[in-house]
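Here's the structure, in structure tokens; my notes come after.
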Amino acid sequence: MAPKPAPARLLAWYRAHRRDLPWRSTREPYAIWVSEVMLQQTRVETVIPYYERFLERFPGVEQLAAADEEEVLAAWSGLGYYRRARQLHRAAREVVASGGDLPITAAGLRRLPGIGEYTAAAIASIAFGEAVPTLDGNVLRLTSRLTAEAGDVRRAAVRRGLAEVAAGLLDPVRPGESNQAMMELGATVCRPRAPRCLACPLGEGCRALAGGDPERFPVAGGGRPTEKVFGVAAVVETEGRVLLARRSAAEAFLPGIWEVPWVVESRSPAAAAALAGRYGGEWRLGEPLGKVRHGITWRDLEIEVRPAHRRSPGGVAEGPEMGWFARSEMESLPTSSLLGKILRLTGA
DNA sequence: GATACGTGGAG
DNA sequence: TCTCCAAGTAT
């Protein structure tokens with residue numbers, strides 16, 4: 001007899017091991033919606049009491065829409081990410097204004113404030129039976145391990161591939177239950193650390209388990225950890241204008257981005273001296289921050305970079321273009337987040 | 001694609 | 001104490 005297909009094994013496991021959670025005893029769209037928004041980046045145990053109190057206070061979308069924002073926020077107080085409460089409230093008013101029923105497809109739900117890709121799929125599959133996979137953190141981890149996905153899961157293409165894997169685990173007749181089964185499996189068995197692979201119904205086909213180190217997945221960050229490096233930035237300011245340099249378009253990393261001249265080099269006094277010498281300053285590793293000499297503010301920086309993105313000393317300063325810009329002008333330039341940090345550190 | 005957004009639990 | 005991060009979304 002052939003072994004049961006994966007979607008069936010998954011469902012069987014879920015029915016035997018699922019936790020009894022308040023929102024699992026209903027398929028009412030509003031209740032599912034509230035639970036899914038509350039569960040965004042928030043632990044199940046934390047959500048439970050909030051969910052029960054919220055539904056008692058606002059039993060349906062009409063009551064929620066009729067409430068003052070202040071009341072809604074009060075009910076949310078302590079849960080965190082308060083934008084969720086405001087957007088849920090706003091969305092409830094939109095729903096009531098357009099008839100009182102939630103959109104029944106993921107695409108329709110997706111247009112409501114506070115409902116992103118995940119939440120739209122969750123509500124559509126659980127409350128309305130649409131066969132769309134939910135790619136939350138749990139499912140991402142589960143599918144990346146099943147396939148031993150080596151690509152960075154922050155990349156859109158990799159995530160699309162994992163969504164395909166999740167779609168393959170869906171029972172088309174019970175997509176909501178399948179999705180919850182994947183999330184439950186990810187939360188209780190395929191955990192971030194110390195996964196319980198012996199208890200996993202999908203262990204037989206899991207490539208990460210076969211590889212011997214499931215915790216290696218999901219891969220984020222190009223496969224290599226970030227490293228702390230020490231560097232220095234030169235904020236050269238004259239008459240209210242700041243000297244910026246731009247990389248050549250030929251450079252692979254951040255071409256065309258304006259930056260203050262800076263170097264990044266792992267604990268290399270030589271590199272620091274080279275830059276300091278170029279601008280006539282004197283600088284040594286470990287000196288206090290914000291030293292000003294002749295209009296030049298030198299900033300020590302400790303930042304995290306990926307080894308693949310390490311540039312040679314003075315990489316930016318050696319770019320083909322240099323220019324002076326008022327701080328107000330910089331808002332319209334393509335700049336890196338690092339520039340913003342540096343300018344904030346050096347004040348107005 | 002990187003970041004900000006809140007809080008509390010686990011290792 | 002400290003880091004990581006948990007059923008993400010919006011910008």
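Residue numbers start from 1 in every chain, and the chains themselves are labelled A, B, ... in the order their sequence lines are given, proteins ahead of strands.
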Selection residues 77-94 of chain A - residue pairs positive for salt bridge (charged side-chain N to carboxylate O under 4.0 Å, His left out), sequence neighbours left out = A:Glu69-A:Arg86
Ordered by number, residues from residues 16-43 of chain A within less than 4.0 Å of DNA chain B (heavy atoms) are A:Gln41, A:Thr42, A:Arg43
Pairwise P distance, C:dC2 and B:dG6 [rounded to whole Å] = 23 Å
Separation of the P atoms in B:dG11 and C:dA7, to the nearest angstrom = 14 Å
Which pair of non-hydrogen atoms, one from A:Ala67 and one from A:Phe58, has the smallest distance, and what is that distance?
-> CB-CE2, 3.4 Å
Donor-acceptor contact below 3.5 Å, side chain A:His89 vs main chain A:Asp68 | no
Could you tell me whether a side-chain N or O of A:Thr42 sits under 3.5 Å from a main-chain N or O of A:Gln40, the two making a donor and an acceptor?
-> yes
Given atom CZ of A:Arg86 and atom P of B:dC5, what is their separation to the nearest angstrom?
-> 13 Å
Just to be sure I understand the rule, does [X] reach a base, reach only the sugar-phosphate, or reach nothing, if contact means heavy atoms closer than 4.0 Å?
X	answer
A:Gln180	nothing
A:Gly186	nothing
A:Glu117	sugar-phosphate
A:Leu79	base

With nearest nucleotides of DNA chain C determined for A:Tyr81 and A:Arg193 from heavy-atom distances, which residue corresponds to the more 5′ nucleotide?
-> A:Arg193
Whichever of A:Gly114 and A:Met183 has its nearest DNA chain C nucleotide further upstream toward 5' | A:Met183
What distance do A:Met183 atom CE and A:Thr134 atom OG1 have between them, rounded to the nearest 0.5 Å?
-> 4.0 Å
Is it true that atom CZ of A:Arg111 has more than 12 heavy atoms of other residues, nucleotides or ligands lying nearer than 6.0 Å?
-> no
Nearest nucleotide by nearest heavy atom, which residue falls closer to the 5' end of DNA chain B, A:Arg155 or A:Tyr82?
-> A:Arg155
Under the side chain to side chain contact (heavy atoms under 4.5 Å, CB included) test, which residues partner A:Glu117, sequence neighbours left out?
-> A:Arg110
Kindly write out the residues that satisfy side chain to side chain contact (heavy atoms under 4.5 Å, CB included) with A:Pro133, not counting sequence neighbours, or none if the list is empty.
-> A:Ala166, A:Ala167, A:Leu170, A:Asn179
Would you say the ring centroid of A:Tyr50 lies under 6.0 angstrom from that of A:Trp76?
-> no
Apply the test salt bridge (Lys or Arg N to Asp or Glu O under 4.0 Å) to residues A:Arg15 and A:Glu184: give CA-CA distance (whole Å), side-chain angles for both, the deciding distance (0.1 Å), then the verdict.
-> CA-CA 11 Å; A:Arg15 287 168 179 163; A:Glu184 187 79 343; over 6 Å; no
Audit row: A:Glu215, A:Arg145, salt bridge (Lys or Arg N to Asp or Glu O under 4.0 Å) steps and yes/no | CA-CA 8 Å; A:Glu215 289 190 45; A:Arg145 286 176 177 168; 6.0 Å; no
DNA chain C: first to last nucleotide in contact with chain A (atom under 4.0 angstrom from a heavy atom), 5' to 3', is C:dC5 to C:dA10
By a strict heavy-atom criterion of less than 4.0 Å, which residues belonging to residues 124-138 of chain A are in contact with DNA chain C?
-> A:Asp136, A:Gly137, A:Asn138
